[in-house]
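A short worksheet on the structure shown next.
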Amino acid sequence: MMIRFRFSKWISIMMCLCLSGCMSSGKDPDHLLEISVAGLAGMDNLTFQGESSIRSDPAGIYNRTVQYEGELQKHRLLTMKISHRDRVPNHELYTSAGSTMNGFQAKIRYQDGRWAPLADGYAEAGWVSGFNPLQQLESMINMEKTVTEEVGAPRGRRILRVQLKEEASRTLAVNMLNEQMAELRQRFEDQEGDLYTRDKKARERLTAIWEKEDQAMKKLLEQSKISVLYHITINEASSLPERLTSEIRMRYDDFSGVNRDERSLSEVRFIRYAQ
């Protein structure tokens with residue numbers, strides 16, 4: 001009887017020690033995410049590097065790799081640049097304009113609660129929404145999601161797993177694609193746009209292509225299953241994010257009835273912080 005009592009007491013003590021150890025490791029995942037994003041928003045200067053790839057076939061390789069970099073200055077001014085692009089989409093809308101997007105640059109400023117492009121001759125910045133980790137992390141806070149902590153993080157780091165709810169995933173993907181399509185049209189309609197041509201017939205042809213693709217995209221989105229998953233590596237000492245990965249997965253049947261499983265993967269590493 002005494003042995004059983006002591007054994008039970010020992011288990012109770014060990015459980016208390018384990019629980020207190022877990023509690024001392026820091027905030028709960030939701031709270032840590034909020035603290036990390038708030039800390040990031042308080043940085044005056046920072047730099048990051050990222051890479052995004054798309055895979056349109058579950059058994060295929062990731063292609064259309066985009067490497068990019070960004071620099072935040074004076075808390076609100078962000079300069080982003082595509083440093084390399086392996087392959088331009090094989091699409092008439094791009095090839096007719098002869099655009100490679102290598103060296104493509106945008107400057108955006110955070111004002112009135114949103115990132116807006118500067119009107120100083122730089123390219124419009126709608127494409128940045130898919131690559132801007134500052135915007136992604138800020139938007140994540142207000143979305144319906146499940147936040148958990150992964151095990152096996154390196155010493156001094158915590159890794160959060162953020163799975164957006166189904167409706168939030170759809171809203172994020174649809175808004176991002178609509179924004180990019182709207183900007184693409186502006187690039188060939190606006191006289192200052194990099195795809196603009198003075199040839200009226202050529203512009204009409206581009207408009208017709210755009211409208212056809214826009215309608216096709218909307219039809220596919222209506223019946224697509226969309227999921228968005230993030231992983232955030234946070235430095236325990238500073239509570240600032242060091243690495244952000246994202247996976248946007250879209251499953252749908254194309255117009256030929258073939259089931260498609262398309263994934264967009266991104267990885268961003270924050271290189272330097274300064275206040």
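None of the values given here were measured: they were computed from a predicted structure. Values reported hereafter were calculated over all heavy atoms of this structure, with side chains retained and with hydrogens, waters and symmetry mates removed.
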Check your understanding: Please walk me through it: do R260 and L220 pass side chain to side chain contact (heavy atoms under 4.5 Å, CB included)?
Key -> CA-CA 11 Å; R260 299 293 184 184; L220 288 177; over 6 Å; no
**Study point:** Intermediate values then yes/no, side chain to side chain contact (heavy atoms under 4.5 Å, CB included), Y252 and L221
**Key:** CA-CA 8 Å; Y252 59 91; L221 287 174; over 6 Å; no
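Here the side chain of R76 pairs a donor or acceptor atom with the backbone of Y110 at under 3.5 angstrom. Although no hydrogens or angles enter the test, the distance criterion places no donor-acceptor pair under 3.5 Å between the side chain of T233 and the main chain of E242. For S36 (side chain) and S239 (main-chain N/O), a donor-acceptor pair under 3.5 Å exists by modelled atom type. Listed for the N45 side chain is a donor-acceptor partner under 3.5 Å among the backbone atoms of K74. E149 places no side-chain N or O within 3.5 Å of a backbone atom of R158 that could act as its donor or acceptor partner.
In this structure, E144 places its CD atom where only 12 or fewer heavy-atom neighbours from other residues, nucleotides or ligands lie under 6.0 Å away.
Using a cut-off of 4.0 Å between Lys/Arg side-chain N and Asp/Glu carboxylate O, E166 and K225 are scored as not salt-bridged.
Here the shortest heavy-atom pairing between S139 and M143 reads O-CG, 3.3 Å.
E189 has its side chain out of reach of L206: every pair of non-hydrogen atoms, C-beta onward, lies at least 4.5 Å apart.
Put simply, OG on S264 and CZ on R249 are 13.5 Å apart, with the number rounded to the nearest 0.5 Å.
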